[in-house]
Structure formats: C-alpha cells, structure tokens
Amino acid sequence: MKALLRNPTTLAGALLCLLIAAGAVLAPWIAPHDPIEQSILERLQPPGGDFLLGSDVFGRDVLSRILWGARISLVVAVVSIALAILVGGAIGMVSGYIGGRTDMLIMQVMDVLLSFPSLILGLIVVALLGAEMGNLIFAIALTAVAPFARIARAPVLSLKERAFVEAGRALGFSHLRILVVHILPNILDEILVMGSLWMATAVRTEASLSFIGLGVKPPTATWGGMMREGFEAILDAPWLSVFPGIAILMLVLGLNMVGDGLRDATDPKLTGT
Amino acid sequence: MIVYIARRLLAALPTLWAVLTLVFVLVRIVPGDPAIAILGDRATPAAVAALQAKLGLDRPIWAQYVDFMAQSAQGDFGTSMVTNRPILADVSAVIPHTIDLTIAAMLIGIIVGVPAGVWAALHRNRWIDVLARLVSLVGLSFPVFVSGIFLLLAFALHWRIFPVIGNANLSDPGDRLLKLVLPAATLGLVMAAYITRVTRSAMLGVLGEDYMRTARAKGVPWRRVVWRHGLRNAGMPVVTVVGLYVGILIGNSVLTEIVFNRPGLGKIIVGALNQRDYTMLQGLMVIYCFLIVVVNLITDLTYGFIDPRVKQA
C-alpha cells in the first residue's frame with residue numbers, strides 16, 4: 001500500500017484501473033442506454049447529443065457497450081491470471097522444491113509452452129474448443145502458466161537451502177506446510193507484480209481474440225468485438241473503432257503502470273530504473 | 001564457429017521434438033471427428049470412413065504419430081484437407097510478405113529503440129528519461145490491432161498518404177515498400193517500446209562499470225565510450241529481447257495482416273481456423289515451430305558474435 005502512494009506511476013495506473021472497474025461494476029446503473037437493444041432508426045449517430053460516444057450500425061449506444069464490455073475484459077483477465085498464478089505458481093514451487101530430474105522435465109515442458117507465440121496458442125485453443133467465456137479464460141490462463149511457473153521456481157531453488165526451511169524440516173513440518181507457510185510469503189511480491197503485468201497482457205489477448213472473432217459471442221458487448229464491428233464500418237463511422245480502442249488502451253496502460261511501479265517499489269535494486 | 005553452430009542445432013532438436021508432440025496432441029484433442037466436421041452431420045458413414053482412411057485417421061494413434069514425425073523431419077508439412085494443395089506451396093506463396101513485415105518491424109524497433117534507450121539511460125531521471133519511459137509504456141500497452149486501426153484512420157483515411165489495402169505487388173519494389181510502411185510501423189512501434197526499455201536498463205547497469213571509467217580516463221571520447229564499450233556490453237539482454245519478441249511479432253502479425261488486409265502466414269492461419277482445416281493448422285503450427293527454433297538459433301549465434309566468450313562456453 002505504501003508503495004502505491006509513493007510511486008506516481010503506480011498511483012496514476014491504479015486510479016485508471018479503479019475508474020474502469022467502477023464503470024464495469026456500476027454499468028447497470030450508469031449506462032445511459034441498454035447495451036444490446038437495437039434501434040435501427042438511430043443507427044450510426046455521430047458522437048454527441050443523446051449518444052455521447054455515438055451509436056453503432058444497430059443503433060446501440062457505444063458508451064453503454066463500452067461500460068458493459070469492461071465487465072468481460074476484467075472478468076476474463078482477473079480469472080485467467082488468478083488461474084495461471086495458482087496452477088503455474090504451484091507447478092513452479094513444487095518443481096523447484098523437488099528438484100532433480102522431475103524438476104528438469106517439468107521445466108522442459110514449460111519451456112515448450114513458452115516457446116509458442118501466446119496469441120497463436122490462444123487462437124488455436126479457442127478455435128478448437130469453441131468461443132465461449134470459459135474456454136477463453138482457459139486459453140489465456142494456459143498461455144500464462146509457464147511464465148508464472150518460472151517466476152515461482154527460481155527463488156524456491158535458493159530458499160529451500162536456507163536455514164529456516166531446514167529448521168522447519170527438522171521440526172517435522174510437512175512439505176506442504178513448508179511450501180505454503182514458509183516459502184510462499186517470500187515469493188508472493190514478485191508473483192503479484194508479474195500478475196498485474198500479465199493481466200495487462202490478458203486484457204490485450206482477450207481483446208485480440210474478440211477482434212479476430214473468437215471472443216464471447218455477440219450481441220454481448222466486448223471491446224475487441226466492438227472494434228471488429230466498428231472496423232467493418234470504418235469509412236462511415238470511425239468513432240465505432242476509436243472509442244473501444246481507447247478503452248482497451250486505457251485499461252492495459254493502467255495495469256502496466258501499476259505493475260511497473262510495483263516492480264520498482266518491491267525491488268530495491270531497481271529503484272529508479 | 002561451425003562446431004558452435006552444430007552444437008546449438010543439436011540442442012534445438014529436443015525442443016523441436018517436444019513442440020511437434022504438443023502440436024500433434026493439440027490437434028487431436030479436438031472434440032468431434034474432423035471427417036464429420038468437413039463433410040457435415042448428414043454425411044453417410046461410408047463417406048466418413050472413406051475420408052478418415054484418406055486422412056489416415058483410421059490408423060492407430062501411435063502410427064499417426066510416427067508418420068507425423070517422419071514427415072515433419074523430411075520437411076513435408078502435408079496437404080490442406082480443404083483445398084488439397086500442399087501446405088508448403090500455400091505458405092511459400094505468402095512468406096515473402098510475412099518476412100518483409102517481420103524484418104521491417106524489427107529494423108524500426110532497433111533503429112528507434114536502441115538510441116532512445118541509450119539516450120534515456122544517459123539522462124537518467126531527467127525529463128527526457130521520464131518521457132521515454134512513459135512513451136514506451138504507452139507503446140507496449142497498445143494492442144496492435146488498435147494501433148493499426150488508429151494509424152490506418154490517420155494516415156490512410158484522413159490524410160490519404162498511404163494506401164488502405166496492403167496487398168503488395170512483390171515485383172514492384174516501390175509498391176512493396178509503400179504498402180509496407182503502415183503495417184511495419186504498427187508492429188515496429190511496439191517493438192521499439194520493448195527495446196527502449198531493455199536498452200535503457202541494460203545501459204544503466206553498464207554505465208557504472210569500471211571499464212567505462214577507464215576508457216574515459218584514457219581519453220576515449222565519451223560518445224565512443226558509450227557506443228563501443230557501453231552498448232556492446234549492454235547488447236546481450238537487448239538481443240535476448242529481440243529474439244523473444246519475434247515470437248510475439250509472429251503472433252501480432254496475424255492482427256496486422258487482418259487490419260491492413262495483407263497476405264501472410266497470419267491470414268492463412270485465420271482462414272484455416274474458419275474452415276476447420278486441421279491438416280493445414282497442424283502444418284502451419286509445425287512451420288511456426290521451425291521458424292521459432294531458427295530464430296532462437298540466430299539469437300544464440302548473435303550472442304557469440306557480440307560476446308566471444310559465449311562461443312567457448
């Protein structure tokens with residue numbers, strides 16, 4: 001918390017994220033129009049007047065759709081990265097703790113996952129399993145498991161040799177207890193910093209997949225999906241792709257700023273770099 | 001040098017094998033029978049069986065695996081089950097576009113990113129540095145389809161400087177270059193943002209080193225100290241990032257190709273996904289893997305070039 005206030009970048013980023021999260025949570029009350037209801041008579045209204053950010057080809061309010069779309073972006077990003085942290089973190093910690101051949105094998109598998117371009121991997125997984133929210137979350141989590149496994153493993157390798165772990169073992173603590181109670185707190189900072197940076201990536205990946213047409217199905221409002229529809233009408237209504245684009249940029253930037261500032265704050269070596 | 005290359009190549013083999021296995025598994029865990037997916041639900045069982053036999057799907061899974069590995073090893077990536085054309089032919093037809101785009105984006109990234117990073121490091125915590133950090137953070141926050149569409153709106157639709165459609169005529173260098181500018185800028189700017197950040201922190205690490213002070217003390221001009229002594233030692237992490245980024249670049253080129261309607265590997269992969277062309281998908285993934293292994297190899301070789309000590313290790 002102190003780190004949040006000390007670093008102006010983190011503070012600005014956190015405010016940006018909070019603003020978007022508030023918009024997402026309050027969408028049912030603050031959105032001026034229904035995000036899905038079509039109104040052909042009011043199609044392609046330019047920004048201003050009744051439609052603050054204009055209306056799309058079906059006469060739906062762009063602002064309302066952006067507010068509702070924030071929900072999808074945030075839920076997918078938070079759940080998929082939480083999943084990746086849980087699974088990846090567990091794999092990395094256990095792998096590093098066990099060590100030896102098992103560790104080598106597990107890390108080899110992680111390297112293979114890592115060497116695949118994440119967007120391509122996500123694209124294929126979603127295309128094969130079907131474009132649904134659950135699959136989207138699974139695909140994005142899959143692309144982020146390997147980096148978290150790596151991040152969690154590295155410190156465990158040296159921590160497990162330290163006296164306090166040995167002491168725990170001498171006292172007869174179970175491996176699980178040593179891992180969760182004694183080792184986990186030492187690597188939590190780093191994992192959380194990575195988490196916010198990867199959430200930025202998750203938002204971007206979800207938007208990219210929706211833009212390709214592999215996101216949560218229309219008429220549900222998603223930012224990437226709005227860009228896709230807007231792109232088809234780019235000559236008549238540029239605002240349809242500009243505003244959702246700005247929304248995506250703001251959220252990704254906000255998350256990156258939080259992660260970047262936190263990284264500076266948690267790592268004394270890097271202060272000011 | 002040849003021994004070094006040979007050793008790197010050998011080391012790449014297990015990775016390649018593992019990635020190929022992953023591809024094989026991924027394509028086969030798909031729910032539903034590909035033969036039914038192609039022919040539709042109302043296909044007669046006989047037709048489905050015939051297609052399964054043609055695709056080799058009726059054979060035991062280990063036999064399919066052995067065949068797949070043997071074919072991949074021989075550089076045979078199979079034929080599309082939708083068009084019946086060899087996959088390699090379709091890919092080689094568009095690969096010049098993809099290579100153009102990737103190389104141009106990398107050049108933009110390096111030409112913009114390296115000087116910007118060095119400059120920021122030299123002016124640490126001054127306004128130039130703060131600006132460079134902020135701009136690079138914004139740059140790497142842009143999903144490429146968003147920056148692509150923004151560039152398209154500004155430079156192709158509003159000011160009409162560049163063409164909207166990116167399907168270049170490869171035999172006309174002027175046309176090829178003109179249609180490359182916006183897509184390459186889209187990808188290059190993200191890359192420049194990454195390179196700026198890495199160059200900056202690598203330079204900061206090197207600036208305080210003794211050999212930098214020594215070089216300065218013996219009268220080497222500061223400019224030369226920075227570029228020759230500093231950058232060369234800061235080069236390794238930069239090369240690592242450029243190498244790693246190629247994977248992201250390949251992913252992002254899919255989006256760029258859609259926005260600018262450019263032919264390329266990305267457009268083929270999206271087409272194959274829409275048509276449920278499994279053999280095409282499998283072949284494309286194998287090609288992607290080969291590309292990435294080759295890039296990793298080039299990255300490793302570049303290490304040896306920058307730092308002679310690597311070769312002996």
Side-chain angles (χ1 to χ4, degrees), chain A residues 8-9 13 108-109 111-130 143 200-201 203-208 210-214 223-224 227-228 230-231 234-235 238 241-242 244-257 259-260 269-270 272-273, chain B residues 14-15 17-19 21-23 26-27 29-32 121 124-125 133-134 137-138 140-147 149-150 152-153 157-158 164 197 200-201 204-205 244 246-255 258-259 266 269-270 272-274 276 278 281 284-285 288-289 292-293 296:
Chain A
T9 319
Q108 204 92 62
V109 173
D111 279 350
V112 170
L113 265 183
L114 212 55
S115 72
F116 232 80
S118 60
L119 185 64
I120 304 279
L121 187 63
L123 204 94
I124 288 162
V125 172
V126 175
L128 295 180
L129 298 180
T143 63
T201 306
V203 170
R204 220 169 28 196
T205 309
E206 186 272 328
S208 303
S210 301
F211 180 72
I212 294 172
L214 293 171
W223 290 349
M227 299 262 328
R228 176 188 173 82
F231 185 52
I234 197 165
L235 290 173
S241 22
V242 170
I246 292 175
I248 300 170
L249 180 64
M250 288 297 130
L251 183 55
V252 178
L253 182 63
L255 290 166
N256 272 334
M257 283 165 86
D260 213 52
K269 278 199 310 275
L270 286 170
T273 63
Chain B
T15 319
W17 168 77
V19 177
T21 306
L22 179 73
V23 169
L26 259 183
V27 174
I29 54 167
V30 187
R124 184 179 181 182
N125 289 338
R133 279 157 68 191
L134 203 66
L137 202 60
V138 173
L140 58 89
S141 296
F142 258 115
V144 281
F145 66 95
V146 176
S147 49
I149 287 177
F150 285 6
L152 193 74
L153 274 171
L157 295 175
H158 188 74
V164 176
R197 295 172 75 80
R200 177 180 173 276
S201 61
L204 280 178
L244 277 179
V246 171
I248 304 176
L249 204 59
I250 288 172
N252 281 344
S253 68
V254 175
L255 296 165
I258 294 175
V259 171
I269 206 169
V270 173
L273 283 172
N274 288 337
R276 306 228 141 223
Y278 292 103
L281 274 181
L284 281 171
M285 283 195 278
Y288 270 114
C289 297
I292 286 165
V293 169
N296 287 345

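By convention in this document, chain letters (A, B, ...) are assigned in the order of the sequence lines, proteins followed by strands, and residues within each chain are numbered from 1.
Both the backbone and the side chain of Leu123(A) have a heavy atom closer than 4.5 Å to some heavy atom of chain B. With a 4.5 angstrom heavy-atom cutoff, Leu284(B) does not touch chain A via any of its atoms. The contact between Val259(B) and chain A is made by backbone and side chain atoms together, counting heavy-atom distances below 4.5 Å. Of the atoms belonging to Leu137(B), heavy atoms from both backbone and side chain fall under 4.5 Å from chain A. With a 4.5 Å cut-off on non-hydrogen atoms, Met257(A) touches chain B through its backbone and its side chain both. For chain B, the nearby parts of Leu253(A) are the backbone and the side chain; heavy atoms of each come within less than 4.5 Å. When heavy atoms are compared at a cutoff of 4.5 Å, Ala207(A) approaches chain B by way of both its backbone and its side chain. If you measure heavy-atom distances from Leu251(A) to chain B, you find no contacts under 4.5 Å at all. Heavy-atom distances place the side chain of Val270(B), and not its backbone, under 4.5 Å from chain A. Within the 4.5 angstrom heavy-atom criterion, only side-chain atoms of Leu153(B), from C-beta onward, approach chain A.
Ring-plane geometry between Phe142(B) and Phe150(B) is classed as perpendicular, the angle between the planes exceeding 60 degrees on a 0 to 90 degree scale with a lower cut at 30.
For the pair Ser147(B) and Val144(B), the tightest heavy-atom approach, listed with the atom from each and the gap, is OG-O, 3.2 Å. Shortest non-hydrogen contact noted between Ser141(B) and Asn256(A) is OG-ND2, 2.9 Å. Counting all heavy atoms, side chain and backbone alike, Ala121(B) lies closest to Arg200(B) at CB-O, 3.7 Å. Nearest heavy atom pair, residue Phe231(A) against residue Ile258(B), reads CE2-O, 4.1 Å. For the residue pair Arg133(B) and Arg197(B), the shortest heavy atom distance occurs at O-NH1, 3.6 Å.
With rounding to the nearest 0.5 angstrom, the CG atom of Leu157(B) is 5.5 Å from the CD1 atom of Ile234(A).
With hydrogens and angles disregarded, a donor-acceptor distance shorter than 3.5 Å links the side chain of Arg228(A) to the backbone of Ile212(A).
Counting heavy-atom pairs under 4.5 Å between each of Ala200(A), Ser208(A), Gly245(A) and chain B puts Ser208(A) at the top.
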